[in-house]
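Shown next, in structure tokens, is the structure this report addresses.
For ligands, and for the atoms within them, numbers begin at 1 and follow the listed sequence.
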Amino acid sequence: MVNRYDHFIDGTFMPSESGAYFDTENPYTGEVWAQVARGDAADVDKAVASAKAAFEGEWGAMGASARGKLMVKLADIIDREAEMLGRLEVQDNGKLLAEMGSQTRYIGEWYRYFGGLADKIEGTVIPTDKANMFNFTRYEPYGVVGLITPWNSPLLLVAYKLAPALAAGNTAVIKPSEFTSASTVEFMKLIAEAGFPAGTVNVVTGYGAEVGSPLIDHPDVAKIAFTGSDMTGQKIYEQAAKKLIPVTLELGGKSPNVVFDDADLDAAVMGAISGIFAATGQTCIAGSRLLVQRSIHDEFVARLIEVAKTAKIGDPMSLDTHVGPVTTPPQFQKVMDYLAIAKAEGANCVLGGDAYTGPGAKGSQFVEPTIFTGVSNDMRIAQEEVFGPVLSVIPFDDEAEAVAIGNDINFGLAAGVWTSDMGRALRMSEKLRAGTVWVNTYRVVSYMTPFGGYKRSGLGRENGQQAIMAYLQQKAVWIATETSAANPFIMK
Ligand code: NAD
């Protein structure tokens, strides 16, 4: 039986005004497993109207502590339903249950953390230099915010945005990726059970041009938070600029993972693998440029190949699978195109390099874990985001060259450094131009820790206490403590 996923507007699941649906496939089997409502501007209008009414009504009138309590209640419900949500993610996006399961078990923490922060946002009394004035600041929500998410970690990336947005007192309209809408729609049942007033959180499913774009253009949407590719991010930024509304952008990456010859090489091999083959390479923080000090280059690559060869490819629902399918047919084609580009550029393919059709494969979206050596940093395979299990290995001689190569890129989302020299670790973490630097580890994120990109990897930060500020605007209030009929033509 094929499931149906509708919009969630004003506390109710409903089809599109047009009645249209589109199919969504299971990336592992290639079979259609659900139909998703194909929204358009009419559905966006309804959702924004409902979010606006909630902001001006019950949700807006709720105190910050009450908002926080609802969010903590939601977190408990998420914990209870984490297994169901994890399985749904896997069915829809093909990432490993081993990873998506632990991800959905962690998502509640965003709502707990930001729920706890809701009633701790305080303005300031300014010790003003102006006579007979009382001057203070307060923080206020924007109103209706639009949240647009990609397909690779749907509910986690909703949490990055929705948790601070709600804690700050906004209402939201979410537009999930057309490839992976199911978990976000299902999540609305949990929102309803927690008792959020109707209209506080809405979901409109559909395509970027048909739902995302009208959402940004809508006159009552006061802020956009987006995660996705840099090209879409640029478009969204341009569109938001026409309305002069703020945006938070979390975009792509081409992160350097730098291995020095003094590193614990066993740990570094695992770090390199986790950087590129985990999640089939479909993470914004993928360590897709592996910079290896020349003195250990050949030995390190040999060890890397030995371990990478043992990766079990197959059903993402099996807990012992290491590499699952690529999530979408266009993404699969993109990865295949980059394999051809790398070969044409003269990179040396030392592992994989093709579609995978061996044991465990089903459907037609598997790619072999692939390693290219002999890559120079100016090749397209080193400069452009592949978003697949494709690693470029680039040698370097010393620290200065590692920094130069690491930073010679348009992106700046993350970087890894493997060394046993603490001084070098600190120097590298200072010099690498990226929003996150990991030392002797890779791929660690937390609700408590700011996350975001330098350069084309984004604008603004998500997670951590400051993230709530992206959903608040500061207001200054002046109150005259003594009235006077002073000269009105001179500024006070
Ligand atoms: P995408 O940019 O194609 O789409 C992201 C979302 O934007 C989808 O919901 C899509 O429908 C919507 N969209 C597309 N065109 C739009 C438009 N004109 N107006 C409004 N909305 C529009 O990205 P994707 O392929 O879904 O995801 C992969 C990308 O996301 C990669 O580049 C990856 O690096 C990035 N990503 C970044 C982070 C991060 O936190 N920095 C995290 C995960 C993924």
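In plain terms, the two heavy atoms of Ile381 and Lys254 that are nearest each other are O-NZ, 3.0 Å.
Annotation: atom 26 (O) of ligand 1 to nearest protein heavy atom, Trp151 CD1, 3.0 Å. With respect to atom 12 (C) of ligand 1, the closest heavy atom belonging to the protein is Ile148 CG2, 3.7 Å. Looking only at protein heavy atoms, the nearest one to atom 22 (C) of ligand 1 is Gly208 CA, 3.4 Å. Distance from atom 35 (C) of ligand 1 to its nearest protein heavy atom, with residue and atom name: Gly228 O, 3.1 Å. Atom 14 (C) of ligand 1 has as its closest protein heavy atom Thr232 CG2, 3.5 Å. The protein non-hydrogen atom at the shortest distance from atom 9 (O) of ligand 1 is Thr149 O, 2.7 Å. Of the protein's heavy atoms, Lys235 CD, 4.0 Å lies nearest to atom 18 (N) of ligand 1. The closest protein non-hydrogen atom to atom 42 (C) of ligand 1 is Cys284 SG, 2.9 Å.
Between the side chains of Ser181 and Thr184, no donor-acceptor pair of N or O atoms lies under 3.5 Å. Inspection of the Asn3 and Gln35 side chains reveals no N or O donor paired with an N or O acceptor under 3.5 Å. Side-chain contact check for Ser50 and Asn202: at least one donor-acceptor pair (N or O, by modelled atom type) lies under 3.5 Å.
With a 4.0 Å cut-off on non-hydrogen atoms, Glu385 touches ligand 1 through its side chain and not its backbone. Under 4.0 Å from ligand 1, the heavy atoms of Asn152 that appear belong solely to its side chain. Of the heavy atoms in Pro176, only backbone atoms (N, CA, C, O) come closer than 4.0 Å to ligand 1. Contact annotation: for Leu215 versus ligand 1, there are no heavy atoms closer than 4.0 Å. Contact annotation: for Leu251 versus ligand 1, heavy atoms closer than 4.0 Å belong to the backbone alone.
Ring orientation note: the planes of Trp110 and Tyr106 are nearly perpendicular, at an angle over 60° on the 30°/60° scale. Using a 30° and 60° split on the angle between ring planes, Phe366 and Tyr356 fall in the perpendicular class, above 60°. Ring-plane geometry between Phe451 and Tyr160 is classed as perpendicular, the angle between the planes exceeding 60 degrees on a 0 to 90 degree scale with a lower cut at 30.
Look at Ser213 and you'll find a heavy atom under 4.0 Å from some atom of ligand 1. The closest approach between any non-hydrogen atom of Gly453 and ligand 1 is not below 4.0 Å. The shortest heavy-atom distance from Phe451 to ligand 1 is under 4.0 Å. Residue contacts with ligand 1 leave out Gly233, since none of its heavy atoms falls under 4.0 Å from the ligand. Phe226 counts as a contact of ligand 1, since one of its heavy atoms falls under 4.0 Å from the ligand.
Taking any N or O of Asp230, backbone or side chain, none lies under 3.5 Å from an N or O belonging to ligand 1. An N or O contact shorter than 3.5 Å links Ser229 to ligand 1 by distance.
In this structure, the side chains of Asp79 and Arg112 come closer than 4.5 Å at one or more pairs of heavy atoms. Within the 4.5 Å cutoff, the side chain of Ile245 has heavy atoms near those of the Ile224 side chain.
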Test side chain to side chain donor-acceptor pair (under 3.5 Å) applied to Asp337 and Gln333, step by step: CA-CA 6 Å; Asp337 291 348; Gln333 191 50 51; 2.9 Å; yes
Glu345 and Arg380: CA distance, side-chain angles, deciding distance, salt bridge (Lys or Arg N to Asp or Glu O under 4.0 Å) verdict: CA-CA 8 Å; Glu345 286 179 308; Arg380 288 184 63 192; 5.5 Å; no
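The contact set between ligand 1 and Thr227, taken as ligand atoms under 4.0 Å from a residue heavy atom, comprises 5 (C), 36 (N), 37 (C), 38 (C), 39 (C), 40 (O), 42 (C), 43 (C), 44 (C). Here is the list of ligand 1 atoms found below 4.0 Å of a heavy atom in Leu413: 41 (N). The atoms of ligand 1 that sit less than 4.0 Å from any heavy atom of Leu157 are 42 (C), 43 (C).
Every pair passing ring-ring contact (aromatic ring centres under 6.0 Å, His included) that includes a residue from residues 22-55 is listed here, sequence neighbours excluded: Tyr5-Trp33, Phe22-Tyr207.
The pair Glu178-Lys175 meets the salt-bridge criterion, with a side-chain N (NZ, NE, NH1 or NH2) lying under 4.0 Å from an Asp/Glu carboxylate O.
Under the 3.5 Å distance criterion, the side-chain polar atoms of Trp151 are left unmatched by any main-chain donor or acceptor of Asn93.
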